[in-house]
Peer 1: 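Got a structure here, written out as structure tokens. Questions coming.
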Amino acid sequence: MDGRARPRGLPCAVTMLVAVIGLGACGGHDVQAGFGLPTQPPDEPFVGDRTALAGTFWVEDNGCFTLELDPGTAGQEDHPRRWVVWPSDAEHAGDRVRLAGGSELLDGARVTGTGAVVALGTLPGWSDPSSYYGSFGRFCTTGVDQVVVLDAVARE
């Protein structure tokens with residue numbers, strides 16, 4: 001021995017850290033993905049009256065993605081920024097959303113699309129606080145009782 005004291009817990013901590021990193025890599029998901037991107041199932045769109053929607057995409061301080069609907073857009077009147085459920089072909093990409101075709105939405109991007117503004121209670125599992133929409137939705141919709149459900153979206 002060289003006379004220096006060695007921390008006993010260090011090898012164990014390093015082993016645990018490597019295991020956690022390895023498990024994240026096994027999942028094949030972006031480790032920054034958090035909850036992931038809420039999307040509609042491709043074969044069962046959520047209920048709601050569809051209309052043309054336009055607005056500005058925002059990344060909120062808590063990491064949630066919202067859409068600030070333009071004035072005059074259905075549902076904009078009482079609260080312009082709402083959490084978004086994306087089309088099934090959209091993907092989470094860190095602090096942005098990757099759309100079909102590869103374009104990406106960054107904070108402040110203008111978007112157009114079709115979809116609906118629906119009551120949170122219509123989301124699958126909303127009544128169960130431990131379900132995906134029940135937990136993630138409550139985290140991202142504080143003070144808002146509706147969500148934007150997009151069937152199609154494009155960057156302007």
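Heads up: numbering here begins at 1 and tracks the sequence.
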Peer 1: Rounded to the nearest 0.5 Å, how far apart are CG of L67 and CG of L53?
Peer 2: 7.0 Å
Peer 1: CD of E91 to CG of L37: how many Å apart, nearest 0.5 Å?
Peer 2: 9.0 Å
Peer 1: So which heavy atom on S88 is nearest to which on P41, and how close?
Peer 2: CB-C, 4.3 Å
Peer 1: Locate the shortest heavy-atom distance separating A90 from V97; write the atom from each residue and the value.
Peer 2: CB-CG1, 4.1 Å
Peer 1: Could you state the interatomic distance from CD (Q146) to OG1 (T122), rounded to the nearest 0.5 Å?
Peer 2: 9.0 Å
Peer 1: Determine the minimum heavy-atom distance between V59 and D95, stating which atoms define it.
Peer 2: CG2-O, 3.4 Å
Peer 1: Report, as yes or no, whether the 6.0 Å neighbourhood of atom CG on D49 holds more than 12 heavy atoms from other residues, nucleotides or ligands.
Peer 2: no
Peer 1: Judged by atom type as modelled, is there a donor-acceptor pair below 3.5 Å linking the side chain of R50 to the main-chain atoms of G48?
Peer 2: yes
Peer 1: Can you tell me if R138 uses its side chain to pair, donor with acceptor, with the backbone of W126 under 3.5 Å?
Peer 2: yes
Peer 1: Measure from the side-chain N and O atoms of Q40 to the backbone N and O of F46, and report whether any donor-acceptor pair falls under 3.5 Å.
Peer 2: yes
Peer 1: Which atom names give the shortest non-hydrogen contact between S131 and G125, and what distance separates them?
Peer 2: OG-O, 2.6 Å
Peer 1: Just wondering, more than 12 heavy atoms not from D43 lying within 6.0 Å of its CG?
Peer 2: yes
Peer 1: Of F65, F136, W58, which meets ring pair (Phe, Tyr, Trp, His ring centres under 6.0 Å) against W83?
Peer 2: F136
Peer 1: Can you tell me how far apart CZ (R82) and CG (D145) are? Round to the nearest 0.5 Å.
Peer 2: 7.0 Å
Peer 1: To the nearest 0.5 Å, how far apart are CZ in R96 and CZ in F57?
Peer 2: 9.5 Å
Peer 1: If we check side chain to side chain donor-acceptor pair (under 3.5 Å) with T56, which of these qualifies: R81, R110, E156?
Peer 2: R110
Peer 1: Any idea which heavy atoms bring V84 and T66 closest together, and the distance?
Peer 2: CG2-C, 3.8 Å
Peer 1: Rounded to the nearest 0.5 Å, how far does CG of L99 lie from CG of D89?
Peer 2: 8.0 Å
Peer 1: Return yes if some donor-acceptor pair links the side-chain N/O of R98 with the main-chain N/O of S103 below 3.5 Å, else return no.
Peer 2: no
Peer 1: What's the shortest heavy-atom distance between P129 and S135, and which atoms?
Peer 2: O-CB, 3.2 Å
